[in-house]
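What follows is one structure encoded as structure tokens, with my remarks underneath.
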There are 2 protein chains.
Amino acid sequence: MQENHSKTHITIHDIARELNISASTVSRALQNNPRISIHTRTTVRELAQKYNYQPNVLASSLRKGQGNTVGVIIPRINRNFFSNVIGGMEEVLSDAGYNLMICQTYEKFNKEVAAVQTLINARVNAIIMSLSMETRSTEHIRHLKNKNIRLLFFDRTCEQVPSSSVTTDDEQGAFLAVKHLIDNGYRKIVHIAGADHINIYRNRKNGYLRAMRENGIDVRKEWIMHRGMVLEGGKEAFQTFSSWDERPDAVFCAGDYAALGIISAARQKSVRIPEDLGVVGFSNEPFTEFIEPSLTSVDQKGEEMGRIVAGQFLKQSGENTPDEIIETRILKPELLIRASSVCKTK
Amino acid sequence: MQENHSKTHITIHDIARELNISASTVSRALQNNPRISIHTRTTVRELAQKYNYQPNVLASSLRKGQGNTVGVIIPRINRNFFSNVIGGMEEVLSDAGYNLMICQTYEKFNKEVAAVQTLINARVNAIIMSLSMETRSTEHIRHLKNKNIRLLFFDRTCEQVPSSSVTTDDEQGAFLAVKHLIDNGYRKIVHIAGADHINIYRNRKNGYLRAMRENGIDVRKEWIMHRGMVLEGGKEAFQTFSSWDERPDAVFCAGDYAALGIISAARQKSVRIPEDLGVVGFSNEPFTEFIEPSLTSVDQKGEEMGRIVAGQFLKQSGENTPDEIIETRILKPELLIRASSVCKTK
DNA sequence: TCATTTGGTACAATCGATTGCACAATCTAT
DNA sequence: ATAGATTGTGCAATCGATTGTACCAAATGA
């Protein structure tokens, strides 16, 4: 009998052969199955240790019909908010023995469909996702439950498919932001809004509207400016409202990059911030506290969101009840007041 | 015969049964094997399409002994540089049909060991990693090759284990940065340096020294200030050199956050940048272009690094040669000149 | 016409771990 | 002493896809 030292991986059969027992006994011994004698169990474990045996998760997952992998689908990983969320999820899930498989959609619907498919093929236990901007149909995620794959959302959720989710109270965040502007004496407040079919942007707009309504300020139609949440979106909006007869005195942006565009365009035109124009953003991107003037923004607590949604999944998979528990968490956002919105002379 | 619509996944056996052929024929038909008649091939494909058949990658990987997953080990995902690298890798690898499995070490050695083990168990095709700060031993990655798992490094590499890698030429980046300061009339240039046992910081210091030497500037001992690469490190350094009899006229920081600290402290003391003090950072963090004044910095091209290291892996796995090709790429960093270091009156 | 090639398909083993069931050996109770 | 329970282990099927080989049938060649 010749030992094969070139073997790439040790299997339970190798251990079984060496101990003259069957592979099934080895398998049970490693699982600490009480039906195996203590003596056999320890012998097996010792040998496994000695050879640094590592179970083949592919085989085990195939047999059990379930792996130990959670799929994550996000628009882009190199965006501060999303990488924070992933950091939070990883923290919780890796302790629980799960691996993360990450797919990016780049905000494209077809990439999202492909990602879902990929994760189904990989037989993940769950998919945790934040919808792409383009996503309107939900056909691609409808049938996950039949396939025994849990589905959870964070941030950009989907009302049509009932699932656990964690979101920020965007409406409240926007409300706080706008109320803060009003409290600081601003009245003619424009809103740079995101696409209406995305819940977060819709909610932010609603928060804006409520704050204005509750303070008796009429919102003119043109004050709601739908733009891309990018630098150019802000710049373009600034150009537009600069030409109005009655110019706004503040801007609430549904995203920090748009706010940055406003600030940048305002500087070029020598419009002072916050004296001539108050600005508030949303998301608390890392740059917001460092730019000049520092930008007031709404923090979304990405890491916490990741930890919570991961916890929701663990709770579900812990239960043996086939009918899953749906838990919807809405996190309270925090308004971080900085220089761009506080004007002593107002 | 009753159809089972509650089946979670369609298999080749389901298709075989329905067409009264064997599973192996289905398998070959789906692989477009020429030994299967055209007619059978199309029939199978059509049915597969109809049922939206998706192969079980677990089963296929198990059989083939190799999956389609690449493991990535990084210190932290929510750091701009690393998430950029991952973005770049994902871009290349997902097109090539690979999934990414990401593990974080949080700069801890034992977390790194565990991550390697996890990825071995998952039978990844390769591990692409950037070492944790704590890592000094290489026992945990030595035996990957025996296990038929490729190993590649980026940024923080490991000389002891020969493997393909991509790094930035930190020495050169620092040299360019300091040369740029000198060219702009600065002479008394202080260097805020990082920990000496980390190669990237050591290299940056060497670049600084070479630029100074080549331009005939004597570097005083106290000009090299070892500080943490954080905001406070910069602030503290500023306080320190402010009290010197002969104050420096510029600072080259091995990290952007330290540079930010310098700028922030300088503003408080009404020291003008770049007139009174030139500042250059390193890493091109997202905030650098938005702060006031915008910060000159050295870009490390994270995305490109990710794309290249992913490409190196693809090249290796494309070859059938068992002895792998080792390719070491050193990327030329790019100095992004902004307001903090260019002074017209100098 | 018989032998041989070629085309098309099926069988069965395999990857590694898991698990229902069978079975032998030992022990307990009557 | 025999029926029944208990303990410890092995056999073999299973998860789903892949692949070497065997096989039958039709086609070709001599």
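Throughout, a chain's letter reflects where its sequence line sits, starting with A, and its residues are numbered from 1. It should be emphasised that the depicted structure is a prediction, and the values quoted were computed from it without experimental measurement.
Within the nucleic acid shown, A:Asn33 has no heavy atom closer than 4.0 Å to any nucleic acid atom. Note on A:Leu30: nothing from the nucleic acid sits closer than 4.0 angstrom, heavy atoms only. Contact annotation for A:Ile21: backbone-only contact, meaning every heavy-atom pair under 4.0 Å involves sugar-phosphate atoms and none involves a base.
Looking at B:Arg156 and B:Met133, their side chains come closer than 4.5 Å, going by heavy atoms from C-beta outward. Counting heavy atoms from C-beta outward, B:Ile141 and B:Phe153 have side chains that approach closer than 4.5 Å.
The side chain of B:Ser22 lies closest to C:dA10, out of C:dA17, C:dA10, D:dA17.
Distance, A:Gln66 CD to D:dT14 C1': 17 Å, rounded to whole Å. B:Tyr53 places its OH atom 7 Å from the C1' atom of D:dG16, with the value rounded to the nearest Å. Whole-Å rounding puts the B:Asn121 CG to C:dA17 C1' distance at 13 Å. Distance A:Gln31 CD to C:dT19 C1': 9 Å, rounded to the nearest Å. Look at CZ on A:Arg123: it is 11 Å from C1' on D:dC15, rounded to the nearest Å. In this structure, the CD1 atom of A:Ile120 is 15 Å from the P atom of D:dG16, given to the nearest Å. As a whole-Å value, the separation of B:Leu62 CG from C:dC15 P is 9 Å. B:Lys64 has its NZ atom 12 Å from the C1' atom of D:dG16, to the nearest Å.
Counting only residues at least two apart or on different chains, the ring pair (Phe, Tyr, Trp, His ring centres under 6.0 Å) pairs with a member in residues 58-106 of chain A are A:Tyr98-A:Phe313.
If you check residues 36-45 of chain B against DNA chain D, you find no residue with a heavy atom closer than 4.0 Å.
Residues satisfying the salt bridge (charged side-chain N to carboxylate O under 4.0 Å, His left out) test with B:Glu46, not counting sequence neighbours, are none. For A:Ser27, the side chain to side chain contact (heavy atoms under 4.5 Å, CB included) test picks out A:Ile12, A:Gln31, with sequence neighbours left out. For A:Arg41, there are no salt bridge (charged side-chain N to carboxylate O under 4.0 Å, His left out) partners two or more places apart in sequence or in a different chain.
Under the 3.5 Å distance criterion, with hydrogens and angles disregarded, a donor-acceptor pair is assigned to the side chains of A:Thr135 and A:Glu112. At a cut-off of 3.5 Å, with distance as the only test, a side-chain donor of B:Ser24 or B:Ser22 sits close to an acceptor on the other residue. Checking B:Thr118 against A:Asn99 by side-chain atom types alone, no donor-acceptor pair falls below 3.5 Å.
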Shorter than 3.5 Å, N or O on both sides, protein versus nucleotides 20-23 of chain C: list them out with atom names.
unit_1	atom_1	unit_2	atom_2	d
C:dG20	N7	A:Arg28	NH2	3.2
C:dG20	O6	A:Arg28	NH2	2.7

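Between B:Ser27 and D:dA17, a side-chain N or O to OP1/OP2 separation shorter than 4.0 Å is absent.
Between B:Pro34 and A:Ala59, the one whose closest nucleotide on DNA chain C sits nearer the 5' end is B:Pro34.
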